[in-house]
Amino acid sequence: VPDPFYMTLREELKKPTKTKAQEEVELKRIQKELEEEAECKKQFKASPLPPSTFQSRLKHIEEKQEARRQRVKAESKALTKAMQKPFSFDQRNKLRRSRSLSSLDTDSKKRKENNVKFHARPMPHHIFDPVVDEKAKEEEAYRQVRIKMRAEQLLAESDLPPTMKRHGIHYTDGKIRRMIRAENEARAHLTEEHTFTPAIKDFVPDYNLLHKQQEAAILERQTAKPTTVIEPFNLRTEQLAQYRAQNPKTPPPPQSASPSATKSPCLYTGVYSEAVQTRPTVSSNLRDSATRTKILEEKKKAQLEYEQEITRQMKELEIRKSIAEKSKALDPTIATKHITQQKLREKLAEQKQRELEWKEKLDEMKGRLKERPFLFERTAMETARLSADKTFRKALMEAGLDDTLIRDMANFEEDSLMQ
């Protein structure tokens, strides 16, 4: 094995040396480590929270703003009161109010002094007597009879107006016939037999066909409005050449420099006839365009609303058809048609029975009305009964008997007979 060269050994045995830059880097690293170690050894303590943190600054600001608002409001009120002047009638109203209050006080004092309890007088005995009511009803009936008789007398003595008098007796006869017919119609429900029988239709009319027939009749009755007849304009342009040939043009008069020549009507006529029409301004163009756009928007909006209404109606029609189909499918009456017919026959029989009962009740009411006496008859009977009772009591009083004693004796006899 060959021995290595001395220079290789020298390099291996040579101690490593650091450069100046490496030494500086190492020194900075050591210093940093020492500083970090010193910082780590230090004890940390947090500083306390400031006292302003625990104060409700928002509430304090709101209170200040509210106080300021109240102060400004009071100042503005005071300023307004200082500026305004009282009305002329304010003092007068205050004076009237004070006078009315003083008068009310005096009136209340007088009422307290003259406070006398009110005692109502007793009601007279004749008010509670039933004879008074009967007499009042009888007088009212007599009064109605007198009014009717007086009206008939005045009608017989009265004279017709001139127009009715010219018509003669036909008008009076027709009026009487109308009165008789109206009276018969009013008494129609009191007849024993009703001749009127209403026509009952056993089928449902076709309303669509009736509507179409009505529309066709209306179109036939409509009268066509006369259209405007356009007549040609006669501008006499064809006779212009002939007129010029017959009347040659005269030379125009010499123009003068006087100002009166410029004010002649002929000159004004020529100027006006040759005047150019005014051009539309920008504002008029904008106005027309805005009007057109507005009309178009309204038309579009109306069209959109019309389409929406059509779609809504179509949807509603479809929903109605579906509901009708479902109800028909779920309706149990279709399967039980004979049951409904039987119920209908029962209902008709019950209705006939009710009609018969109603006719019987009506006949009973008519019979009671026929048997019932008139008002004057009932009044005469009541007065006769009262007069008989009065004479009987008078006879008992003259004989020295008591009404209650006789009544007790009659009751005692009835009880003994019953036993």
Exercise for review: With rounding to the nearest 0.5 Å, note down the distance linking CZ in R320 to CD1 in I323.
Suggested key: 9.0 Å
Review point. Taking 4.0 angstrom as the limit, do R69 and E66 come out as a salt bridge?
Key: yes
Point to revise | Side-chain heavy-atom pair L209, Q213 within 4.5 angstrom cut-off | key: yes
**Study point:** Distance in Å, K77 NZ paired with E75 CD, rounded so as to fall on 0.5 Å steps
**Key:** 13.0 Å
Review point. Should we count CD of E157 as having more than 12 external heavy atoms under 6.0 Å?
Key: yes
**Study point:** Ion pair check, K28 and E24, cut-off under 4.0 Å
**Key:** no
Practice item. Give a yes or no on whether a salt bridge exists between E297 and K301, defined as a side-chain N under 4.0 angstrom from a carboxylate O. Key: no
Review point. Going through the distances and angles, do M179 and E183 end up as a side chain to side chain contact (heavy atoms under 4.5 Å, CB included)?
Key: CA-CA 6 Å; M179 288 173 65; E183 190 174 355; over 6 Å; no
**Study point:** Pair K59-E62, salt bridge (charged side-chain N to carboxylate O under 4.0 Å, His left out): steps then yes or no
**Key:** CA-CA 5 Å; K59 188 175 180 182; E62 288 178 352; over 6 Å; no
Check your understanding: Rounded to the nearest 0.5 Å, how far does CD of Q153 lie from CE of M149?
Key -> 8.0 Å
Check your understanding: Can you tell me if N184 uses its side chain to pair, donor with acceptor, with the backbone of I180 under 3.5 Å?
Key -> yes
Point to revise | Side chain to side chain, L101 and S98, heavy atoms closer than 4.5 Å | key: no
Check your understanding: Got a sec: does the CZ of F392 have more than 12 other heavy atoms crowding it under 6.0 Å?
Key -> no
Review point. Considering only heavy atoms from C-beta outward, does the side chain of R68 approach that of K64 to under 4.5 Å?
Key: no
Review point. Taking side chain as C-beta onward, heavy atoms only, is K299 less than 4.5 Å from I295?
Key: yes
Check your understanding: Rounded to the nearest 0.5 Å, how far apart are CG of L58 and CD of E63?
Key -> 10.0 Å
Study note, to complete from the structure: CG (D363) and NZ (K361) are apart, to the nearest 0.5 Å, by 12.5 Å
Exercise for review: Report the C-alpha distance between E309 and R312 in whole Å, list the side-chain angles of each, state the deciding distance to 0.1 Å, and finish with yes or no for salt bridge (charged side-chain N to carboxylate O under 4.0 Å, His left out).
Suggested key: CA-CA 5 Å; E309 184 67 21; R312 188 185 66 77; 2.5 Å; yes
**Study point:** Pair R354 + E357, salt bridge at N-O below 4.0 Å
**Key:** no
Review point. When you check the gap from the basic side-chain N to the acidic O, do R393 and D389 get nearer than 4.0 Å?
Key: yes
Study note, to complete from the structure: Taken to the nearest 0.5 Å, the spacing of K359 NZ from K366 NZ works out to 10.5 Å
Review point. Is there side-chain contact between Q31 and L27, with heavy atoms separated by less than 4.5 Å?
Key: yes
Review point. Is E35 salt-bridged to K32, cutoff N-O under 4.0 Å?
Key: no
**Study point:** R143/E139 under side chain to side chain contact (heavy atoms under 4.5 Å, CB included): CA gap, chis, key distance, verdict
**Key:** CA-CA 6 Å; R143 179 174 169 273; E139 288 178 356; over 6 Å; no
Practice item. Compare all side-chain heavy atoms of E134 with those of R378 and state whether any distance is below 4.5 angstrom. Key: no
Review point. Taking NZ, NE, NH1 and NH2 as the nitrogens, is one of them in K352 or E355 under 4.0 Å from a carboxylate oxygen of the other?
Key: no
Review point. Within a radius of less than 6.0 Å around CZ of R99, do more than 12 heavy atoms belonging to other residues, nucleotides or ligands occur?
Key: no
**Study point:** Validation row: K347, E350 side chains within 4.5 angstrom (heavy atoms)
**Key:** yes
Review point. If you look at every heavy atom in A290 and T293, which pair is closest and at what distance?
Key: O-OG1, 2.7 Å
Review point. Any side-chain heavy atom of L386 within less than 4.5 Å of one from K390?
Key: no
